[in-house]
Undergrad: 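Have a look at this one.
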Amino acid sequence: MTAISFEYFPPKTPEGRSKLLESTTPALQALDPAFFSVTYGAGGSTRDNTFGVVKALREQGLDVAPHLSFGADDAESMAALLERYRELGVTRLVALRGDIPSGMGGSGQLVYASELVAFVRERTGDHFHIEVAAYPEIHPQAESYQKDLHYLKAKLDAGANSAITQYFYNVEAYFYFLDQCAAIGIDKPIHAGIMPITNFNNLARFSRNCGAEIPRWICKRIEGYGDDQESIRKFGIEVVTQLCQTLVDNGAPGIHFYTMNQVEPTREIYRNLGL
Ligand code: FAD
């Protein structure tokens, strides 16, 4: 059975926060996800916001996984944050290296995710189920495909329980990646990260930086619709439903939706799958 989870980012405004908690969450909770997750801004820039949203979701009784990375924090601040999450009843984390925030130039120091995983295990034992990031189309800064796989294994060997992938539209890249992971002895679940197509221009810009390829045929088809937003919407749902259906039919252990804090189109895609 394919587990489903939903990712949020912490809203910047009180209105965005109310909408997320009072309208989006009940609608997505009705789909019975395994958990929600809440992202963490580069360099800890959303620390309080992420914590606040996680707390509010916990108060609704939900299973929620905060994302976290060291950023500019020292070990004691990180240990204190882990303790605050433990007190909220959080039992799952997404552990990341993160990126250097724009504006900091190249001067920032980043702690690899494998080191964060080892730190969490050292300080909190087996309390948290730890997810890490995986890249079927390979992390943009990776030295090579093989090295990136090796570092994924290092994160899992350091004590992470499972991985969630960067989004992809080339389904073969994901299944090839699973085979390559198995070949080097990775036996933990690697859930597929899925980005529904909402704002195509933003998606195209973001994809250039994060190492996710939008296939040419998808770009061309969308370009061909011009300003016809309804046709773009329908096509996006069709393409991502097919992608998810192939994942489900071929035994992907989980699908993690990057919801962009919206009910649709995630809900429509989910319903199309008949899960
Ligand atoms: P790592 O696993 O540490 O890897 C980073 C790079 O370093 C890779 O190229 C890897 O090959 C290489 N590497 C790893 N270990 C070593 C080593 N020991 N020596 C040399 N090279 C090494 N970003 C955010 O800012 N906030 C979020 O909430 C967030 N959530 C995410 C959730 C998911 C599911 C995914 C897939 C990504 C998320 N990101 C988030 C993006 C992520 O922070 C970036 O992709 C970041 O550049 C890498 O983080 P990582 O944890 O994968 O890093």
Side-chain angles (χ1 to χ4, degrees), residues 3-11 34-47 49-51 53-54 64-73 78 81 85 92-104 106 108-120 129-168 173-174 177 180-181 184 186 188-195 206-212 252-261:
I4 300 294
S5 50
F6 297 127
E7 180 171 310
Y8 291 155
F9 59 85
F35 66 95
F36 290 84
S37 82
V38 185
T39 64
Y40 196 60
S45 54
T46 67
R47 184 182 297 102
N49 255 348
T50 297
F51 185 85
V53 172
V54 170
V64 51
H67 296 209
L68 81 175
S69 55
F70 261 101
D73 286 346
M78 179 55 76
L81 183 60
Y85 279 134
R92 189 188 290 266
L93 300 171
V94 182
L96 301 150
R97 182 199 71 169
D99 289 313
I100 295 172
S102 55
M104 261 179 76
Q109 179 85 26
L110 290 171
V111 177
Y112 290 120
S114 54
E115 299 169 85
L116 176 56
V117 171
F119 179 86
V120 175
H129 175 109
I130 306 176
E131 308 273 355
V132 288
Y135 301 86
E137 295 178 311
I138 299 311
H139 186 264
Q141 291 153 1
E143 290 166 58
S144 67
Y145 192 106
Q146 289 80 348
K147 287 254 171 78
D148 210 32
L149 273 183
H150 165 85
Y151 292 128
L152 171 61
K153 185 167 188 304
K155 296 193 268 198
L156 293 164
D157 289 348
N161 302 87
S162 44
I164 300 171
T165 74
Q166 182 58 276
Y167 65 87
F168 56 85
Y174 171 76
F177 184 72
Q180 297 306 307
C181 287
I184 62 161
I186 293 176
K188 293 177 177 171
I190 300 178
H191 295 202
I194 291 296
M195 180 75 88
F206 188 64
S207 300
R208 280 193 283 278
N209 298 325
C210 75
I255 298 181
H256 181 77
F257 285 98
Y258 296 103
T259 68
M260 305 308 287
N261 292 4

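Indexing begins at 1, ligand by ligand and atom by atom, following the structure's order.
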Undergrad: With ring-ring contact (aromatic ring centres under 6.0 Å, His included) as the rule and sequence neighbours excluded, what pairs involving residues 136-156 come up?
TA: Y135-H139
Undergrad: Kindly give the heavy-atom pair with the smallest separation between Y85 and T50, and that separation in Å.
TA: OH-CG2, 3.8 Å
Undergrad: Tell me every residue that passes side-chain contact (heavy atoms from CB on, under 4.5 Å) with P189, counting only those two or more places apart in sequence or in another chain.
TA: S162, H191, P253
Undergrad: Assess the side chains of T39 and H67: does a donor N or O sit below 3.5 Å from an acceptor N or O?
TA: no
Undergrad: Do the two ring centres, one from F119 and one from F70, sit under 6.0 Å apart?
TA: yes
Undergrad: Identify, with sequence neighbours excluded, every residue that meets side-chain contact (heavy atoms from CB on, under 4.5 Å) alongside D157.
TA: K153
Undergrad: List the protein residues in contact with ligand 1, where contact means a heavy-atom separation under 4.0 angstrom.
TA: T39, Y40, A42, H67, L96, R97, G98, D99, Y112, A113, A133, Y135, H139, Q141, A142, E143, D148, Y151, K155, I164, T165, Q166, Y258
